[in-house]
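Keep in mind that what you see is a predicted model, and the values were worked out from it rather than measured. Positions are given from 1 along the sequence.
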Amino acid sequence: GGGGGGSSAVTHVVQILPQAVCHRSKCFPRIPTLACYSPGARDAPKAAEGVAFLFTYPACTAESPQLDKGEAALLSTSLKSFSQEARKLAREGGPGGGFRGYECQEVSSGAFMFAFPNLSEAISYATDLATLLVTLEGWAPELRDRGWESGRLVQMGIAYGVPVSQCEHATTGRADYFGSVINLAARAAAAASPGQVLVALNENTSEQEIKRLTRSSAGVGELARLGYYRFKGIRERMKVVEVVSQAHPERKFGKPRLSKAQPAVKSKTLWSMWRWVEDLGELGTPLGSPVALSPSRKPRLTSPSRSPNWV
């Protein structure tokens, strides 16, 4: 909430309850103020109504052993700048002047989990965030001189569904969710290339639904169809699309990383071939490598899903 007496200071307001009556946490009304700076647990999207989750993963972290101390310090500063911009973007420009998205947690610098009431708002937010990354303030000239792009600093994944449950985190007090849809969004982010935004849709999502989703997601120029994939721990196969922004239509990254998402197949022979290809090792750029920030890196192996035999 905002500070009183015309002050512009931001105050973090918490509710204190003894453990014996902690179940009463939602019995009291929200603070009657229009000066709320950041949403609390009660403002989070309701699990029963369906939630779109967005995960952001830094393509390279300051802890990478391949960085010297100077590079690590510069990258750490850049990730902090990204975190500030991501939070600012989530707080502003939502429906009716409200919030765009709810920050569930930041596991490490730049590694966020956001929740949105619907899929189009999550995609629109991710699009704006990816566009912001291209010209990220705080991206050091020294990193640019190495040929590293700020636009490749983070990779993102989105999924929509109904979580199994929703509660307040025991440590942070922020809304926390449980269920396979959260795992799916995290897997999609892990399968994305640095700078890419992937969306894992239900297998039966029609072309008309994808077109409607494209039109309703502000800033999106195209949801490029990448095919059907299976993710670890997810029973259903998913239709995966890549978010391409109107501002940067040339920024297309293509298929998910083969080591993180498996093309959905019917043929056992093809499946055996796929396992053999996967066993060759990491086919994408490993997370934590500064090579991920450079557009001149070697291209990935072509996905077998380009073959007409893959479905």
Quiz item: Partners of Tyr102 by ring-ring contact (aromatic ring centres under 6.0 Å, His included), sequence neighbours excluded?
Solution: none

Practice problem: Could you list the residues that satisfy side-chain hydrogen bond (donor to acceptor under 3.5 Å, both in side chains) with Glu222, not counting sequence neighbours? | Solution: Lys252

Exercise. Quick one: pull up CD in Gln105 and OG1 in Thr171 and give me the separation to the nearest 0.5 Å.
Key: 10.5 Å

Quiz item: In chain order, what residues pass the side-chain hydrogen bond (donor to acceptor under 3.5 Å, both in side chains) check against Glu137, with sequence neighbours excluded?
Solution: none

Exercise. Could I get the full list of ring-ring contact (aromatic ring centres under 6.0 Å, His included) partners for Tyr125, not counting sequence neighbours?
Key: Phe114, Phe116

Self-check item: Qualifying ring-ring contact (aromatic ring centres under 6.0 Å, His included) pairs with a residue from residues 126-180, counting only residues at least two apart or across chains
Solution: Phe53-Tyr177

Practice problem: Sequence neighbours left out, what passes ring-ring contact (aromatic ring centres under 6.0 Å, His included) with Phe55? Give chain and number order. | Solution: none

Quiz item: Who pairs with Thr77 by side-chain hydrogen bond (donor to acceptor under 3.5 Å, both in side chains), at least two apart in sequence or on another chain?
Solution: none

Self-check item: Ser83: side-chain hydrogen bond (donor to acceptor under 3.5 Å, both in side chains) partners, not counting sequence neighbours
Solution: Glu106

Quiz item: Would Glu149 and Arg152 count as a salt bridge (charged side-chain N to carboxylate O under 4.0 Å, His left out) if you check the C-alpha gap in whole Å, the side-chain angles of each, and the deciding distance to 0.1 Å?
Solution: CA-CA 6 Å; Glu149 288 187 2; Arg152 294 175 180 269; 3.3 Å; yes

Quiz prompt | Cation over ring face, Arg91 and Phe99, 6.0 Å, 45° | solution = no

Exercise. Please name all residues satisfying side chain to side chain contact (heavy atoms under 4.5 Å, CB included) with Ala218, sequence neighbours left out, ordered by chain then number.
Key: Ser124

Quiz item: What salt bridge (charged side-chain N to carboxylate O under 4.0 Å, His left out) pairs are there with at least one residue in residues 46-60, not counting sequence neighbours?
Solution: none

Quiz item: Who are the side chain to side chain contact (heavy atoms under 4.5 Å, CB included) partners of Val134, not counting sequence neighbours?
Solution: His248, Arg251

Quiz item: Taking only residues at least two apart or on different chains, which pairs with a member in residues 53-78 satisfy salt bridge (charged side-chain N to carboxylate O under 4.0 Å, His left out)?
Solution: Glu71-Arg146

